[in-house]
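All heavy atoms count here, side chains included; hydrogens, waters and symmetry mates do not. Because the structure is predicted, anything quoted here is derived from the model rather than measured.
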Amino acid sequence: MIARRCSRTACTRPAVMTLTYVYADQTAVLGPLAIHAEPHAYDLCSEHSERLSAPRGWEVLRLANIPTEPAPSNDDLLALADAVREAGRSTPAAAPEPEVGVRETKRHGHLRVLSSE
């Protein structure tokens, strides 16, 4: 995945915020980096987002970064790995015997094909 760059001319820093304009309300909205690049939005680096100013008479609305889900901790990942390892070690339960009048015709791993006589 290629990181998006700041939309400002000659700036090569990575974008961290997205700027959009609400022309009807004369408002510039600066918020968290949008998931996808949009044609009418501007991605800005941290320096340009801090120095942002709007035209006279316009309001700048700065939205706080929305916290993301915390990544799983090492303890969570180790517990998951242990659970998977333990599940792999246990012996599968024995398959129940077919009913009277039903005969097993094929077996493929844990699957059985049964036919009634």
Side-chain angles (χ1 to χ4, degrees):
M1 177 181 193
I2 298 173
R4 297 198 318 250
R5 299 282 175 206
C6 182
S7 298
R8 297 294 300 259
T9 305
C11 183
T12 59
R13 289 184 288 270
V16 295
M17 303 289 279
T18 297
L19 171 67
T20 55
Y21 292 102
V22 182
Y23 293 97
D25 296 333
Q26 293 185 327
T27 304
V29 181
L30 185 65
L33 186 63
I35 295 173
H36 302 287
E38 297 290 334
H40 301 289
Y42 303 91
D43 295 333
L44 300 176
C45 65
S46 60
E47 183 179 328
H48 285 119
S49 64
E50 289 171 10
R51 296 187 332 188
L52 175 73
S53 63
R56 184 173 296 164
W58 282 57
E59 179 183 356
V60 176
L61 179 61
R62 295 177 187 272
L63 302 177
N65 280 333
I66 298 171
T68 58
E69 273 296 309
S73 70
N74 283 341
D75 291 340
D76 294 339
L77 295 175
L78 290 173
L80 179 60
D82 289 341
V84 169
R85 196 175 302 115
E86 187 61 35
R89 284 187 195 137
S90 64
T91 58
E97 290 299 318
E99 296 176 21
V100 176
V102 176
R103 157 175 89 82
E104 185 176 317
T105 59
K106 288 185 183 178
R107 187 177 202 83
H108 183 71
H110 66 283
L111 302 174
R112 302 184 303 167
V113 177
L114 304 175
S115 66
S116 57
E117 297 179 279

For [X] and [Y], work out which heavy atoms get closest and say how close.
{"X": "Cys6", "Y": "His48", "result": "SG-ND1, 3.4 Å"}
{"X": "Leu44", "Y": "Arg8", "result": "CD2-CG, 3.9 Å"}
{"X": "Ser46", "Y": "Val16", "result": "N-CG2, 3.3 Å"}
{"X": "Leu30", "Y": "Ser49", "result": "CD2-O, 3.4 Å"}
{"X": "Gln26", "Y": "Gly57", "result": "OE1-O, 3.6 Å"}
{"X": "Gly31", "Y": "Leu63", "result": "CA-CB, 4.0 Å"}

Straight-line distance of [X] [atom1] to [Y] [atom2], nearest 0.5 Å:
{"X": "Thr12", "Y": "Arg5", "atom1": "OG1", "atom2": "CZ", "value": "6.0 Å"}
{"X": "Thr18", "Y": "Tyr42", "atom1": "OG1", "atom2": "OH", "value": "12.0 Å"}
{"X": "Leu61", "Y": "Leu19", "atom1": "CG", "atom2": "CG", "value": "11.0 Å"}

Does the side chain of Glu59 reach to within under 4.5 Å of the side chain of Asp25, using non-hydrogen atoms?
-> no
So do Arg4 and Pro14 actually touch side chain to side chain, heavy atoms under 4.5 Å?
-> no
